Amino acid sequence: MIKKQWTHRVRRALLAAGATAALAAGLITATAAPSQAATQGPCDIYATGGTPCVAAHSTTRALYGAYNGPLYQVKRASDNVTKDIGLLSAGGYADAAQQDSFCANTSCVITVIYDQSPKHNNLTQALRGHWPGPAENGNDNLANAFEAPVTVGGHKAYGVYVAPGTGYRNNNTTGIATGDQPEGMYAIFDGTHVNGGCCFDYGNAETTGNDDGNGTMEAIYFGTSTGWGSGSGTGPWIMADLENGLFSGVNRGVNAGDPTINHRFTTAIVKGGPNHWAIRGGNAQSGSLSTFYDGVRPNDTGYNPMKKQGAIILGIGGDNSNTGQGTFYEGVMTQGYPSDATENAVQANITAADYNSGSTSTGTLTPGSRISLQATTAPCCTSHYLRHNSADTKVVISSINSASPATDKANATWIVRAGLANTSCLSFEAADKPGQFLRHFNYQLYLNTDNGGSSFAKDATFCPTAGNSGVGTTSFQSSNFPTKYLRHYNYTAYIAGNGGTNAWDNTTSWAQDTSWLTAAPWN
């Protein structure tokens with residue numbers, strides 16, 4: 001994308017909560033209990049509003065009340081066999097146990113995200129565009145199937161974790177808006193997993209994989225990029241990627257009416273028609289939508305009329321710009337420009353779906369459990385716990401007790417996840433930093449977001465073994481350096497061998513330093 005910057009203010013229109021509730025009630029026939037499937041899905045609501053879905057993608061739930069097909073397909077690393085992952089029941093939630101069973105003792109990637117609409121606009125691996133990807137032949141990577149666990153309606157599910165270099169696309173669609181035709185789209189993203197790279201998008205893009213000029217895209221962008229436009233605060237912002245510009249309002253540059261929005265689960269909406277478009281958003285767990293822009297097309301050359309081409313992208317820009325990151329759970333595209341009332345009803349359906357971070361128990365090494373890991377080395381460290389620093393990404397041990405600051409307790413709390421590189425092992429996600437995992441780099445332990453590198457999953461995977469110091473403890477063996485174990489040394493965390501050239505491989509207290517107690521979570 002070509003970088004330009006203009007500045008201007010745009011108006012911000014807020015929708016009254018009472019009106020939202022009334023309109024939602026008129027379009028939803030029943031409100032579901034959190035643990036049950038809704039009687040209608042978002043696409044049933046769009047159809048009632050006269051703007052039917054022409055694409056409906058989700059790895060977590062059905063988007064039609066009657067849908068009972070596959071949500072997505074995974075491929076396992078051990079033998080490259082694929083499997084479709086379906087639903088627990090028609091109109092319900094993903095059957096994550098199918099993935100867990102199929103991918104046991106290996107890892108999996110998401111190969112297909114099925115379109116639940118009658119148009120069959122499935123998303124598959126994005127092929128090389130103007131910008132090459134990191135995979136073979138310049139294609140983009142596929143998402144690790146275990147990197148974004150959640151619960152929906154109380155049921156385990158997995159989102160699509162897009163690390164830089166990951167992307168999905170369909171250049172041969174049916175029914176997607178082209179030219180200046182009207183359309184709408186929404187997506188649910190993780191509001192905490194963002195960056196300033198270009199471009200974490202979902203929506204309408206070029207069919208060529210190239211930058212074909214202003215107005216050839218209309219997609220939801222979510223992130224902290226300030227290269228073309230931005231909103232108020234530090235971001236992330238919901239903006240429209242219209243090609244050669246991320247727009248937060250009518251002008252390029254900063255538009256104060258588009259606020260920072262960073263809910264753990266964020267509803268993001270962009271819709272557009274002839275010389276008219278809007279940005280809306282809200283908390284996908286509760287509350288109503290707000291309107292951040294609603295007006296004419298950008299006042300720069302090439303955006304009125306639009307020249308949309310009708311491909312669908314996820315996680316990348318229209319020219320395959322692939323340095324963005326984010327997490328996607330569900331999203332749709334419509335035929336026609338949806339009314340605010342229809343979108344308000346869809347938002348009510350989304351909040352009723354009950355998205356949650358996926359922590360289901362405490363104090364055990366079962367995936368989904370929240371824990372703290374207590375050091376066992378006496379006499380120095382038996383009151384110390386494994387934690388990440390607040391000021392940087394380093395992982396250390398420090399003393400934590402009931403009087404410790406809340407921040408310290410949060411830093412010392414982890415969510416156990418299935419191993420990203422081997423599901424028979426474990427990974428540890430920071431409870432207070434969703435999407436960030438304990439990983440080693442140059443043998444030292446850090447808290448990092450997946451940077452798209454080929455080794456990240458292995459660096460973040462640890463296999464529990466009987467404690468090296470004896471009964472009652474657990475040691476954690478590095479997945480890719482099996483002679484090395486998670487160890488504290490001089491209050492800093494490493495993977496270390498029992499003897500070696502590095503200072504942290506010192507044999508003194510090695511068995512105790514590599515042995516941990518699984519404790520109840522501090523937070």
Side-chain angles (χ1 to χ4, degrees), residues 57-61 71-72 93-94 96 110 113 123 141 143-153 156-168 185-197 199-203 219-225 233-239 259-270 281-287 313-316 322-332 347 350-351 353-359 368 410 414-415 417-418 420 427-437 447-452 456 460:
H57 303 108
S58 176
T59 58
T60 63
R61 67 174 184 141
L71 296 180
Y72 61 104
Y93 304 102
I110 297 173
I113 306 170
L123 295 174
N141 289 333
N144 186 312
F146 287 92
E147 213 157 359
V150 292
T151 60
V152 189
K156 184 178 180 181
Y158 294 98
V160 183
Y161 187 104
V162 175
T166 302
Y168 294 82
M185 60 196 81
Y186 86 80
I188 298 178
F189 299 132
D190 179 348
T192 68
H193 180 208
V194 296
N195 72 357
C199 289
F200 180 69
D201 290 348
Y202 173 72
I220 304 168
Y221 166 81
F222 189 65
T224 58
S225 173
T234 58
W237 305 283
I238 303 167
M239 295 191 281
T260 292
I261 182 167
N262 56 4
H263 305 293
R264 173 63 177 84
F265 298 96
T266 295
T267 305
I269 291 175
V270 167
N283 186 341
Q285 291 180 294
S286 64
I313 53 174
L314 172 60
I316 53 175
N322 53 26
T323 60
Q325 68 183 30
T327 301
F328 171 90
Y329 301 103
E330 64 179 70
V332 312
Q347 169 69 358
I350 290 169
T351 60
D354 189 31
Y355 274 92
N356 194 274
S357 62
S359 176
W414 305 90
I415 303 177
R417 301 300 190 190
L420 300 183
S427 294
F428 298 96
E429 181 182 14
D432 61 337
K433 299 285 185 180
Q436 297 189 36
F437 294 85
L447 183 70
N448 284 167
T449 300
D450 188 350
N451 61 4
F456 181 88

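Positions are given from 1 along the sequence. As the structure is a prediction and not an experimental result, all values here were calculated from the model.
- Of the possible donor and acceptor atoms, one in the side chain of S427 sits under 3.5 Å from a partner among the backbone N and O of A460.
- Here D190 pairs with R264 under the salt bridge (charged side-chain N to carboxylate O under 4.0 Å, His left out) rule; sequence neighbours left out.
- In terms of the side-chain hydrogen bond (donor to acceptor under 3.5 Å, both in side chains) criterion, residue partners of Y158 (sequence neighbours excluded) are, by chain and number, D100, K156.
- Minimum interatomic distance between L71 and S58 (heavy atoms only, all atoms of both residues): CB-O, 3.4 Å.
- Judged by distance alone, with hydrogens and angles left aside, the side-chain atoms of Y202 form a donor-acceptor pair with the main-chain N or O of G331 at under 3.5 Å.
- Taking the side chain to side chain contact (heavy atoms under 4.5 Å, CB included) definition, one finds that A431 meets it with R370, T413, I415, sequence neighbours left out.
- Residues that satisfy the side-chain hydrogen bond (donor to acceptor under 3.5 Å, both in side chains) test with Q325, not counting sequence neighbours, are absent from this structure.
- Contact of the I238 side chain with the I269 side chain is not registered, since no non-hydrogen atoms from C-beta on lie closer than 4.5 Å.
- Within the model, atoms OG1 of T267 and CG of N283 stand 7.5 Å from one another, a figure rounded to the nearest 0.5 Å.
- Residues Y72 and V160 fail the side-chain proximity criterion, which asks for heavy atoms closer than 4.5 Å.
- Of all non-hydrogen atoms in L420 and F146, the two that sit nearest each other are CD2-O, 3.8 Å.
- Counting heavy atoms from C-beta outward, V332 and Y186 have side chains that approach closer than 4.5 Å.
- The minimum heavy-atom distance between G435 and E429, with the atom names listed, is N-OE2, 2.6 Å.
- A heavy-atom distance below 4.5 Å is not found between the side chains of Q285 and H263.
- For F222, the ring pair (Phe, Tyr, Trp, His ring centres under 6.0 Å) partners two or more places apart in sequence, or in a different chain, are F189.
- Scanning all heavy atoms of the two residues, the minimum distance from V150 to N356 falls at CB-O, 3.2 Å.
- Across every non-hydrogen atom of G324 and N195, the tightest pair is CA-OD1, 3.4 Å.
- Counting all heavy atoms, side chain and backbone alike, I350 lies closest to I188 at CG2-CD1, 3.4 Å.
- The side chain to side chain contact (heavy atoms under 4.5 Å, CB included) search around T260 returns P236, W237, N262, not counting sequence neighbours.
- Applying the side chain to side chain contact (heavy atoms under 4.5 Å, CB included) rule to D432 yields the partners H388, A410, N411, A430; only residues at least two apart in sequence or on another chain are considered.
- Scanning for side-chain hydrogen bond (donor to acceptor under 3.5 Å, both in side chains) contacts around T266 gives an empty result, with sequence neighbours left out.
- Taking F265 as the reference, Y329, Y355 meet the ring pair (Phe, Tyr, Trp, His ring centres under 6.0 Å) condition, with sequence neighbours excluded.
- The structure places CD1 of I220 at 13.0 Å from CE of M239, a figure rounded to the nearest 0.5 Å.
- Without hydrogens or angle criteria, T224 side chain to G196 main chain gives a donor-acceptor distance under 3.5 Å.
- Looking at residues two or more places apart in sequence or on another chain, you find no side-chain hydrogen bond (donor to acceptor under 3.5 Å, both in side chains) involving N144.
- For E147, there are no salt bridge (charged side-chain N to carboxylate O under 4.0 Å, His left out) partners, not counting sequence neighbours.
- Contact annotation: the side chain of L314 never approaches that of H57 to less than 4.5 Å [non-hydrogen atoms, C-beta and beyond].
- A distance-only check finds no donor-acceptor pair linking the side chain of Q436 to the backbone of T449 [under 3.5 Å].
- Remark: side-chain polar atoms of D450 are paired, donor with acceptor, to backbone N or O of G452 under 3.5 angstrom.
- Partners of Y161 according to the ring pair (Phe, Tyr, Trp, His ring centres under 6.0 Å) rule, which considers only residues two or more places apart in sequence or in another chain, are H193.
- Taken to the nearest 0.5 Å, the OG1 atom of T323 stands 12.5 Å off from the CZ atom of F200.
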